[in-house]
Visitor: 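Okay, here's the structure, questions in a sec.
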Amino acid sequence: MCIPNVVSDDKTMSGDELEACSSEIATVANSNQSSPFTTATDCGDVETMLEAEDFCAGGIECTLQNEDGSFPIENVERMQGTVVDHKVKCIIREAVLGAMKIQSEFSSSRAHFLRVLNYGRDLFCKGDPNIIKYWPKTWQDCISLLSGEGYTEAIQYWICLNREHPCCYDITNSPEELCKFFLGMEVEYTGSSEGLPPGKIVIRCILLLWTGDYPAQAQVGKFIQGGIRPCRRCNVVGAQGSESTHYYYGNYRYHSRYPSDERDLNMFVQTMKDIECEDRPTVHATMARESGFTGLSILHRLYAAYGFNILKDLTFDAMHDVTLNIIHHHLLRYLEAGILSRNEIDVRLAAIPWTSELKDGRLPTSVTKRLGFWKAEELQKFCYPASEYVLGGILPDDEYHVWILIVRITEMIFQIGRSGWSDDDIQLLKQLILRHNTLTEEVEGLKSCVVSLHNLIHYPEEIKRFSSPDNYWCYTFERAVHGYVVRSSNNRNMELSFSNSECLREFLKFHSGNVQSSMKLNTSFFPGYVHASTISEAVTMAKHRDVAYQSILVGGKKYTSLSTHEVTEVFRVLKKQQLKHFTLAVIQAPSIYMSQHGFGGTLYRVGEHVLVSDDAGELSVAKIDAILAVNIEEEYHLLLKGEEYAQSVTETGDSRIHASSENPFVESTSSMIFFPCKSIVRKVMLFPDPDHLHDPYMYVVIDHQRPFIPLNKEAVIVPHFPEAGDMVCVRGTIGNEVYFAHIQSVNKNSNTCQVYFYGNDPGHPSISASKYKRLKLQETVHWSSILGTAKGQFIGHYWVA
């Protein structure tokens with residue numbers, strides 16, 4: 001809105017003129033009261049936020065009339081000047097914010113930022129000194145301008161780690177400032193909990209864990225990255241390979257039964273100090289290789305304060321360990337050894353129907369041309385959910401038995417575990433890791449048993465102590481570093497520079513969110529139906545609307561009609577009796593946002609496949625063809641119209657199952673169905689039959705968002721380390737028969753055992769089925785046939801299960 005110029009010979013305005021002007025100003029003052037920010041559009045001809053105190057600051061009196069009923073034009077001019085000045089300041093502030101967003105997006109230097117700012121000044125001010133005086137000239141001027149909106153730069157503090165008071169750490173404003181043995185900050189505690197009544201309490205900030213990739217952890221914790229004892233958690237001992245001087249860490253079958261002892265920090269502190277003080281390079285290297293430490297970490301000073309243990313509280317990073325090391329190693333080995341064909345993998349990989357959520361990021365495309373450029377995200381998505389369908393049937397069975405285990409581990413860590421971990425989940429993960437590591441050693445050899453493979457063993461305990469790995473893995477930090485390395489810097493006081501960059505990024509993010517929330521959303525509300533123009537509007541609405549509006553139509557809407565058969569089907573689905581005379585209106589949208597699905601909501605689009613649950617809880621697959629809001633007698637119902645898929649069956653009537661993933665095949669029924677939006681369970685992908693990729697008639701269901709793995713810890717068999725005297729269960733060669741066997745001797749060179757089998761005694765039919773007698777013949781059994789230790793005991797010459 002613009003205030004018109006006032007021209008009058010007697011410097012007064014009539015009551016009607018001033019009343020109209022005041023009305024316009026009141027409109028300005030009352031607009032956008034809910035937002036602390038004003039957009040550039042708000043400062044223009046449409047709306048301007050100007051609160052009452054701005055007029056008081058300008059010296060405008062509450063009573064503007066003269067004694068004769070006229071209005072002093074000086075007051076009006078001052079009022080106009082205040083509005084104009086405020087509008088100019090708003091526009092300049094928005095210009096500064098825009099320039100800062102450009103700087104943040106392109107990671108440019110402050111010099112480039114000032115060039116952009118000066119360019120904007122020349123365009124806007126056009127040499128007008130009355131406007132140029134408000135325009136900031138330096139970076140500090142810009143910071144001062146934004147400080148009124150709540151922006152503050154990072155404050156640099158120094159932590160005193162004086163050895164004279166190792167348990168007391170003070171925060172100072174400069175290295176020269178004397179510390180006061182800072183023991184915490186006194187605050188007023190208003191809550192109430194057991195053992196902590198309300199009142200003044202002292203709080204402290206402590207370091208719970210430290211994360212980073214493996215080289216960074218080794219540098220900060222002063223651990224060796226290889227050598228004889230590379231693990232900071234346990235006393236595993238490495239062995240050199242026959243063809244190299246590298247150390248490898250195998251013997252997993254033995255360690256599954258007899259885990260390595262945990263390392264006790266107190267036992268190694270003196271060793272760390274001795275290595276730290278050793279100045280002879282060769283002696284230092286030998287001590288480090290044999291002990292696993294390169295010195296005493298500075299973080300050890302926190303142990304005396306509150307027990308921060310550098311051996312247990314430096315976490316493992318799943319991003320590097322699982323994806324960039326283990327998954328990448330397996331896949332590269334298959335390709336370099338000629339076990340898999342690159343072209344065949346590319347053909348199958350191209351057939352994966354990625355969902356929009358999976359496409360929002362890096363996707364694995366080609367192992368022939370692009371494998372060397374794959375990052376952690378591509379390797380993770382290839383492993384899960386794609387690899388079961390890409391590698392299934394073409395990877396040899398012995399290799400696939402190893403690969404499928406890392407697939408399940410990846411699914412648990414990167415998908416299922418992000419919703420929380422139960423004790424059964426952690427135990428299942430432990431079983432999967434032990435089996436994977438043991439089979440990796442026995443199938444691929446000792447060279448595959450590197451330290452990152454060993455680190456997997458400690459993940460279950462890590463999750464128990466520090467929760468799900470997504471809370472501390474390096475994905476977030478790697479993305480931040482990607483922005484930092486391209487940012488212009490003079491490399492001086494980089495910690496403060498990065499902190500200021502983060503402060504500015506958070507401020508701009510907050511500002512954008514407030515501007516967006518203050519803007520009028522292009523939405524529609526009716527009983528039972530909500531519509532938003534964009535996904536961002538839908539997310540905003542879902543956060544602020546009632547719980548009844550958990551399903552929001554998104555995108556361009558249009559009115560449509562239904563056939564007589566479709567209307568009948570709609571009434572049947574809604575369980576309503578169809579009346580002879582009724583009013584029906586149908587609105588169609590391209591997508592629907594479900595705020596309660598997935599992590600932070602899910603957008604379902606036309607053309608995607610979903611799992612649908614009926615009233616009995618049975619799941620089926622459907623393709624979304626239309627998303628509808630059906631109005632029947634002034635009541636809206638959200639329905640989806642789609643194509644139904646039925647489970648494919650064999651000639652004998654059995655369900656067809658994809659052997660590699662154990663997921664079902666489905667076929668299109670070419671029949672149209674309606675179903676309520678609340679019956680959607682989650683998205684799925686349909687992968688074409690691998691034997692008919694280009695002309696499929698059935699598809700494998702890729703249920704990549706399933707909330708749990710259809711496995712339990714008993715179903716995952718950890719390879720058993722046999723010893724003489726063990727009573728074990730042995731898998732038979734026919735069917736799924738299981739036999740009891742008593743181990744007499746073990747041959748570690750051939751991985752076999754001499755055993756006596758135990759069975760029912762045909763000469764004594766009175767013996768119960770739970771008693772077994774030793775058979776006469778001694779036989780040889782391979783370790784791979786042993787399922788585990790048998791439950792039971794010897795009573796005389798019989799084994800009682």
Side-chain angles (χ1 to χ4, degrees), residues 353-357 359 522-535 537-539 541-542 548-576 578 582-598 601-615 618-646 666-686 699 701 705:
W354 304 101
T355 63
S356 54
E357 289 79 12
K359 290 179 180 177
N522 186 15
T523 57
S524 303
F525 300 92
F526 296 97
Y529 140 70
V530 186
H531 173 264
S533 297
T534 63
I535 178 60
E537 290 181 1
V539 172
M541 294 169 61
Y549 297 107
Q550 296 177 355
S551 304
I552 303 173
L553 298 184
V554 180
K557 60 180 181 178
K558 63 179 181 179
Y559 286 91
T560 186
S561 59
L562 299 177
S563 65
T564 304
H565 173 71
E566 290 175 335
V567 171
T568 303
E569 186 66 17
V570 166
F571 275 95
R572 185 191 67 80
V573 170
L574 297 177
K575 299 180 180 179
K576 289 180 174 290
Q578 187 170 349
F582 59 89
T583 58
L584 185 144
V586 182
I587 297 176
Q588 184 174 341
S591 56
I592 183 170
Y593 176 74
M594 311 285 283
S595 62
Q596 301 299 313
H597 288 202
T602 301
L603 186 69
Y604 295 91
R605 298 170 173 83
V606 171
E608 294 182 330
H609 296 87
V610 293
L611 274 183
V612 181
S613 176
D614 59 14
D615 295 336
E618 296 292 330
L619 299 179
S620 59
V621 178
K623 178 184 177 182
I624 302 176
D625 289 334
I627 301 172
L628 308 173
V630 181
N631 185 339
I632 302 177
E633 299 297 333
E634 302 302 325
E635 182 181 1
Y636 275 97
H637 305 274
L638 296 182
L639 297 176
L640 280 76
K641 173 185 174 184
E643 179 183 357
E644 185 179 19
Y645 286 77
V666 294
E667 301 177 7
S668 173
T669 62
S670 300
S671 59
M672 176 270 299
I673 60 171
F674 285 87
F675 50 94
C677 70
K678 62 182 181 181
S679 65
I680 296 178
V681 178
R682 55 184 176 270
K683 287 185 182 182
V684 295
M685 299 183 291
L686 297 188
Y699 302 83
V701 179
Q705 294 181 341

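The chain is numbered in sequence order, starting from 1.
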Visitor: For a quick test of reading the model, state the closest non-hydrogen atom pair linking Tyr636 to Ile587 and the distance between them.
Guide: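 Closest pair (atom of Tyr636, atom of Ile587, distance): OH-CD1, 3.7 Å.
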Visitor: The criterion is salt bridge (charged side-chain N to carboxylate O under 4.0 Å, His left out); which residues satisfy it with Lys359, sequence neighbours excluded?
Guide: none
Visitor: Could you tell me which residues satisfy side chain to side chain contact (heavy atoms under 4.5 Å, CB included) with Glu644, sequence neighbours excluded, listed by chain and number?
Guide: Thr669, Ser671, Ile673
Visitor: Can you tell me how far the CZ atom of Phe675 sits from the NZ atom of Lys641, to the nearest 0.5 Å?
Guide: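 Phe675 CZ to Lys641 NZ: 12.0 Å, rounded to 0.5 Å.
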Visitor: Under 3.5 Å, is there a donor-acceptor pair between the side chain of Ser591 and the main chain of Val554?
Guide: yes
Visitor: Atom OG in Ser679, atom CG in Leu619: separation rounded to 0.5 Å?
Guide: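 The OG atom of Ser679 sits 10.5 Å away from the CG atom of Leu619.
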Visitor: What distance do Arg682 atom CZ and Thr602 atom OG1 have between them, rounded to the nearest 0.5 Å?
Guide: 11.5 Å
Visitor: Hey, mind stepping through Leu686 and Val701 against side-chain contact (heavy atoms from CB on, under 4.5 Å) and telling me if it holds?
Guide: CA-CA 5 Å; Leu686 297 188; Val701 179; 4.0 Å; yes
Visitor: Using the side chain to side chain donor-acceptor pair (under 3.5 Å) criterion, which residues pair with Lys575? Sequence neighbours excluded.
Guide: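 Counting only residues at least two positions away or on another chain, Lys575 forms a side chain to side chain donor-acceptor pair (under 3.5 Å) with Asp615.
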Visitor: Mind checking side chain to side chain donor-acceptor pair (under 3.5 Å) for Tyr604 and listing every partner two or more places apart, or none if nothing turns up?
Guide: His597
Visitor: Minimum heavy-atom separation for Trp354 and Met685, please, with both atom names.
Guide: CA-SD, 3.7 Å
Visitor: Sequence neighbours excluded, which residues qualify as side chain to side chain contact (heavy atoms under 4.5 Å, CB included) partners of Leu574?
Guide: Val570, Lys576, Ile632, His637, Leu639
Visitor: I need the Ile535 CD1 to Glu537 CD distance, nearest 0.5 Å.
Guide: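 It comes to 10.0 Å.
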Visitor: List for me each residue that meets ring-ring contact (aromatic ring centres under 6.0 Å, His included) alongside Tyr593, sequence neighbours excluded, and say none if there are none.
Guide: none
Visitor: Looking only at heavy atoms, which two atoms of Ser551 and Met594 are closest? And how far apart?
Guide: OG-SD, 3.4 Å
Visitor: With a 3.5 Å cut-off and sequence neighbours excluded, list the donor-acceptor pairs that the side chains of residues 620-628 form with protein atoms.
Guide:
none

Visitor: Check side chain to side chain contact (heavy atoms under 4.5 Å, CB included) between Ser563 and all other residues, then give those that pass, not counting sequence neighbours.
Guide: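 Only His565, Glu566 meet the side chain to side chain contact (heavy atoms under 4.5 Å, CB included) criterion with Ser563.
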Visitor: Taking atom OG of Ser613 and atom NZ of Lys678, what is their separation to the nearest 0.5 Å?
Guide: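 One finds 11.0 Å between OG of Ser613 and NZ of Lys678.
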Visitor: With sequence neighbours excluded, what pairs up with Gln588 under the side chain to side chain donor-acceptor pair (under 3.5 Å) test?
Guide: none
Visitor: Kindly write out the residues that satisfy ring-ring contact (aromatic ring centres under 6.0 Å, His included) with Tyr645, not counting sequence neighbours, or none if the list is empty.
Guide: His609
Visitor: Check whether any side-chain N or O of Lys683 sits under 3.5 Å from a backbone N or O of Leu603 as a donor-acceptor pair, and report yes or no.
Guide: yes
Visitor: How close do Ala542 and Ile552 get, counting heavy atoms only, and between which atoms?
Guide: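 Here Ala542 and Ile552 meet closest at N-CD1, 4.0 Å.
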Visitor: For Asp614, what residues pass the salt bridge (charged side-chain N to carboxylate O under 4.0 Å, His left out) criterion, not counting sequence neighbours?
Guide: none
Visitor: For Pro590, enumerate each residue passing the side chain to side chain contact (heavy atoms under 4.5 Å, CB included) test, keeping only those at least two apart in sequence or located in another chain.
Guide: none
Visitor: Side chains of Val530 and Leu553: does their closest heavy-atom pair fall under 4.5 Å?
Guide: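 Val530 does not reach Leu553 side chain to side chain.
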